[in-house]
> 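Here it is, the structure in full.
Numbers for residues simply follow the sequence, beginning at 1. Ligands are counted one by one from 1 in listed order, and the atoms in each one are counted from 1 as well.
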Amino acid sequence: MNDFQIAPSILSANFACLGEEVDNVLKSGADIVHFDVMDNHYVPNLTIGPLVCEALRKHGVTADIDVHLMVKPVDRIVPDFAAAGATYITFHPEASEHVDRTLQLIRAEGCKSGLVFNPATPLSYLDFVMDKIDMILIMSVNPGFGGQSFIPAAMDKLRECHRRIKASGYNIRLEIDGGVKADNIREVAETGCDTFVAGSGIFGKAVASDPHRYDTILRAFRDELAKVKR
Ligand code: DX5
Ligand code: ZN
């Protein structure tokens, strides 16, 4: 039995009614909330911080919140996100001076930890830290913006990563982020990936006047995942 999780990236949601957007997408069958944090320094865009994460919790969101930090430095902001209700906190190894220390900090703050790999970042950052990781996130676009096209080299990287996870014996989720749509999710899942971020593929496809706007899209994702052969 595959344990697939769909993680809508709220970067593509309507920020003017974010709580409602998150409620609707979870009601339509999404599993976790992907929360993109950009600082206009590590990446050339600026988004949302711990206050918004906390606001979603206060609004009543109980699903896991998967905080993807695209910020540099990393450590200063980790306790703030833990206090704001983050479940996962993942970061880019190039953005931390001390990757092992940051991974330990995330767990010490009570969250699940993860490393994020840009398209050109080698997986060797994993070599000595598999015991401190709960999630590996493979970027299939360069970080900073939603709506970009899937970079095909991510497929081999996912397969290699899956192999490393199996060999380690640890329980580590394998997540993909960037350009995931209903028409490629099945192929992505067949690499061993189990957690699927989709921003424009979910929020960008909905008709605002339709009260069940995310049902059809999430159903299409699930139908594709049901066909996965491993
Ligand atoms: C990009 C972000 C992604 C982004 C994905 O830096 O990390 O989470 O929202 O958007 P789509 O699914 O539109 O490629
Ligand atoms: Zn992301």
> Does the N or O separation between Gly147 and ligand 1 drop below 3.5 Å for any pair?
yes

> To which of Ser200, Gly199, Ser12 does the heavy atom nearest atom 13 (O) of ligand 1 belong?
Ser200

> To make sure I understand the geometry: which N, O or S atom in His68 is closest to the Zn ion (ligand 2)?
ND1

> So His34 and His68, would you call those rings parallel, tilted or perpendicular, with 30° and 60° as cut-offs?
tilted

> Can you check whether Met38 has an N/O within less than 3.5 Å of an N/O in ligand 1?
no

> With rounding to the nearest 0.5 Å, note down the distance linking CG in Asn14 to SG in Cys17.
4.0 Å

> Any Lys/Arg nitrogen of Asp127 or Lys132 sitting under 4.0 Å from an Asp/Glu carboxylate oxygen of the other?
no

> Ignoring hydrogens and angles, tell me if any N or O in the side chain of Thr87 forms a donor-acceptor pair with the backbone of Ile65 under 3.5 Å.
yes

> Closest N/O/S atom of His34 to the Zn ion (ligand 2), by atom name?
NE2

> Could you tell me whether Phe196 and Phe221 have their ring centroids closer than 6.0 angstrom?
no

> At under 4.0 Å between heavy atoms, which part of Ala198 makes contact with ligand 1: side chain, backbone, both or neither?
backbone

> At what distance is the nearest protein heavy atom to atom 7 (O) of ligand 1, and which residue and atom is it?
Asp177 OD2, 2.8 Å

> According to the interplanar angle, ranging from 0 to 90°, do the rings of Phe81 and Phe35 count as parallel (below 30°), tilted (30 to 60°) or perpendicular (above 60°)?
perpendicular

> Within the side chain of Arg57, is there an N or O that forms a donor-acceptor pair under 3.5 Å with the backbone of Val61?
yes

> Please give the atom name: the N, O or S atom of Asp36 nearest to the Zn ion (ligand 2).
OD1

> What is the closest protein heavy atom to atom 9 (O) of ligand 1, and at what distance does it sit?
Ser9 OG, 2.8 Å

> Using a distance-only test with no angle check, is there a side-chain donor-acceptor pair under 3.5 angstrom linking Asp36 and Ser9?
yes

> Among Pro8, Gly146, Gly179, which residue places a heavy atom closest to atom 14 (O) of ligand 1?
Gly179

> Should Arg101 and Asp75 count as an ion pair when the cut-off is N to O under 4.0 Å?
no

> I'd like to know if Asp215 and Lys27 make a salt bridge, using a cut-off of under 4.0 Å between side-chain N and carboxylate O.
no

> Quick one: look up the protein heavy atom nearest atom 1 (C) of ligand 1 and list residue, atom name and how far away it is.
Phe145 O, 3.5 Å

> Do you know which of Asp64, Asp66, Asp194 makes salt bridge (Lys or Arg N to Asp or Glu O under 4.0 Å) with Arg173?
Asp194

> Side chains of Met70 and Asp39, heavy atoms from C-beta outward: is any pair under 4.5 Å?
no

> Can you tell me if Phe150 has a non-hydrogen atom under 4.0 Å from ligand 1?
no

> Of all the atoms in ligand 1, which lie at a distance below 4.0 Å from a heavy atom belonging to Met70?
6 (O), 7 (O)

> Would you mind listing which atoms of ligand 1 come within a distance below 4.0 Å of any non-hydrogen atom of Pro143?
6 (O)

> What atoms of ligand 1 come within less than 4.0 Å of a heavy atom belonging to His34?
8 (O)

> Which protein heavy atom lies closest to atom 6 (O) of ligand 1, and at what distance to 0.1 Å?
Gly144 N, 2.8 Å

> For ligand 1, which atoms, with element, lie under 4.0 Å from some heavy atom of Val197?
8 (O)

> Output the list of atoms in ligand 1 that are nearer than 4.0 Å to some heavy atom of His68, sorted by atom number.
7 (O)

> I need the atoms of ligand 1 closer than 4.0 Å to a non-hydrogen atom of Gly178, numbered in the order shown.
14 (O)

> I'd like to check Val78 versus Ile89 (side-chain heavy atoms, cut-off strictly below 4.5 Å). Are they in contact?
yes

> Could you say whether the N/O atoms of Lys181 and ligand 1 ever approach to under 3.5 Å?
no

> Give the name of the N/O/S atom in Asp177 that lies closest to the Zn ion (ligand 2).
OD2

